[in-house]
Amino acid sequence: MAESAISPRRNENYPEWYQQVIRAADLAENSPVRGCMVIKPWGYALWENVQACLDSLFKETGHVNAYFPLFIPLSFLEKEAEHVEGFAKECAVVTHHRLEAGPDGGLIPSGRLDEPLVVRPTSETIIGASYAKWVQSYRDLPILINQWANVVRWEMRTRLFLRTTEFLWQEGHTAHETRQEAWDETLRMLDVYRRFAEEWMAVPVVTGEKTAVERFPGALNTFSIEAMMQDRKALQSGTSHFLGQNFARASGIRFLSRNGVEDLAWTTSWGVSTRLIGGLIMVHGDDDGMIMPPRLSPSHVVLLPIVRGEKDGGVAAYCREIAEQLRRQTCFGKNLQVVIDERDINAGEKSWSWIKKGIPVIVEIGPRDLQNHSVFVHRRDRSRRERYSQGKDAFVSSMPSLLKEIQDNLLERAKSFMDDHTKRIDGKKEFEDFFTPKNTDKPEIHGGFSLSHWCGNDSCEKEVNDRLGVSIRCIPLQPGDAAPEPGACIWCGKKSLRRVLFAKAY
RNA sequence: CGGGGCGUAGCGCAGCCCGGCUAGCGCGCUUGCUUCGGGAGCAAGAGGCCGUGGGUUCAAAUCCCACCGCCCCGACCA
């Protein structure tokens, strides 16, 4: 049995496997700055594709981009009580604006600021200040703005992509005339995230509302998309918040309504971050590394010329010809991205490097292929033993449909995985067993999503979390999962009106 | 911030208990030759303030103290 490229394998040590995939695929690495990462070109190209796709979805739904400051005056953050409480513990604060030579030759901060500046952990307050200025009449609404930015949250424990001190994201901030409009916007953007996850990332998600315990500080309602990783834990992959009039009140976003009375705007905010990349790795990756969904992959095909010694025998030219033909093909509305890897390294090693990077299609091309007008194809979503030879022209013309097939296959695979590990559990014992590892010394991958009844009390929710490390990921919105259905709370046995989604989470 | 583990070559590690020649090994790197439908073989090389500071000692990677950093598990979180 051949070895896998990544060690340990997923079922041996999942967290370590995750780190190794990031390294092997050359996506990112730790930086000298604690908790911060360097996103390397292959990882950043993936993020750029995520940005481009989401950005066009935002534009399609009427949003425009803008940019607000990195620094937030301390007093702004103090305006919304719950918001302060939620973020106070993880804020980086700028207190000085100058460096002076110290006695030992080092530099010491000087020039203390009158009012400290908080490095934005999120931008509701600073954007709210602008909106307050911009909005005077109901005619100024709605405001539908998104910003692509970095934010800083001083986390205790960090993991590449999943939780870093600084991360990249987009945050949409909208202000509306009516409650209904803001509410609709909240759900519309949640659905944009769901579509993006499923159609672009090939990641199936559960959409739902957060419980009070898990809600965004200052929001009236928080909605999220939750995806299942291959260790069966949930990853909150995007959030959309209905902020009611809380932030409008705090920031003074007031307008003269149609009735001539002063009113507060209704606002929303919604975001996804580089965390999505962590999700992509954990949903699709295998024991040989990353697997990129074709729709977001920085490149679709790599051509590997197999050259004997110095004698090229026309292989390079043959590769260039194929590359040209492929680049004229379109898939998912874009031209195919093709790489020819002519690095002077061992062919096997070269091939493996692309497997680890997760490029959807790897094509080996040697003199024999040249002679037969064929190519040797390896789909990254299939095993290495399933490589096959194919006529060049057929290969070129079938690439778009092959990529679509891979995209669909990844989604299908992830979907059945999630379905297989989503249970409707009604017994407390069964519930506990589901979430309890059999070998406590070296916990194996276990559990999954449990759709179970919940009475609605914080105390049950917290106890489940304390005892089992399991939280309520959301109250699902999907018709099938969410249909009200009387039952008994999985924990206390009291009356429950509906099932909620329980899972261990990142 | 609590509990545990670890800092030795670019990466992964051994050596430390029981102090003692020139600090090793694997991978990677450089050069040459050989190989060539596959993560190559042989040979010759380059590369270390053994995390930092202090102490004990004739002698410290090794023992003691302090500090710094990293990882895991908890609390917190996109």
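A note on names: the letters A, B, ... follow the listed sequences, proteins ahead of strands, and every chain is numbered from 1.
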> Which letter, B, S or -, goes with each nucleotide of nucleotides 70-75 of chain B from 5' to 3', with contact meaning a protein heavy atom under 4.0 Å?
Replying inline: S-SSSB

> What distance, rounded to whole Å, do you find between the two P atoms, one in B/rC21 and one in B/rU30?
Replying inline: 34 Å

> Should the ring pair A/H241 and A/F216 be called parallel, tilted or perpendicular, given that the plane angle runs from 0 to 90° and is split at 30 and 60?
Replying inline: parallel

>> If stacking means aromatic ring centre less than 5.5 angstrom from the base's six-membered ring centre, planes under 30°, is A/F376 stacked on B/rG37?
In response: no

> How is A/L162 classified with respect to the nucleic acid when contacts are heavy atoms under 4.0 Å: base, sugar-phosphate, or nothing?
Replying inline: base

> Expressed in angstrom and rounded to an integer, what is the separation of A/I306 atom CD1 from B/rG39 atom C1'?
Replying inline: 12 Å

> Over how many whole Å does the gap from A/N372 atom CG to B/rG37 atom C1' extend?
Replying inline: 13 Å

> Between A/R387 and A/A505, which is nearer to the 5' end of RNA chain B once each is assigned its nearest nucleotide?
Replying inline: A/R387

> Is it the case that A/Q51 and A/W148 place a side-chain donor and acceptor less than 3.5 Å from each other?
Replying inline: no

> Please give, in whole Å, the distance from B/rG37 C1' to A/E364 CD?
Replying inline: 7 Å

>> Whole angstroms only, please: what is the CD-P distance between A/E16 and B/rG12?
In response: 10 Å

> Does any donor atom in the side chain of A/T174 or A/T268 lie under 3.5 Å from an acceptor atom in the other side chain?
Replying inline: yes

> What is the distance, rounded to the nearest whole Å, between atom CD1 of A/I345 and atom C1' of B/rU35?
Replying inline: 16 Å

> Is it true that A/K210 and A/E226 have a side-chain N and a carboxylate O under 4.0 angstrom from each other?
Replying inline: yes

>> Checking contacts here: which listed nucleotide (B/rA78, B/rG39, B/rG38) is nearest the side-chain heavy atoms of A/A347?
In response: B/rG38

>> If I pick the C1' atom on B/rA61 and the same atom on B/rC50, what distance separates them, to the nearest angstrom?
In response: 4 Å

>> Assess, by modelled atom type and distance only, whether the side chains of A/S123 and A/E171 contain a donor and an acceptor separated by less than 3.5 Å.
In response: yes

> Do A/Q170 and A/N65 have side chains that get closer than 4.5 Å, going by heavy atoms?
Replying inline: no

> Counting any heavy atom closer than 4.0 Å, what does A/F167 reach on the DNA or RNA strands: base, sugar-phosphate only, or nothing?
Replying inline: base

> Taking A/P305 as the fixed residue, which of A/L370, A/I340, A/I365 is the one that meets the side chain to side chain contact (heavy atoms under 4.5 Å, CB included) rule?
Replying inline: A/I340

> Just checking A/T164: base, sugar-phosphate only, or nothing, at a heavy-atom cut-off of under 4.0 Å?
Replying inline: base

>> In whole Å, I'd like the distance from the NZ atom of A/K89 to the C1' atom of B/rC76.
In response: 6 Å

> When we call it a touch if two heavy atoms are under 4.0 Å apart, what does A/K356 touch: a base, just sugar-phosphate, or nothing?
Replying inline: base

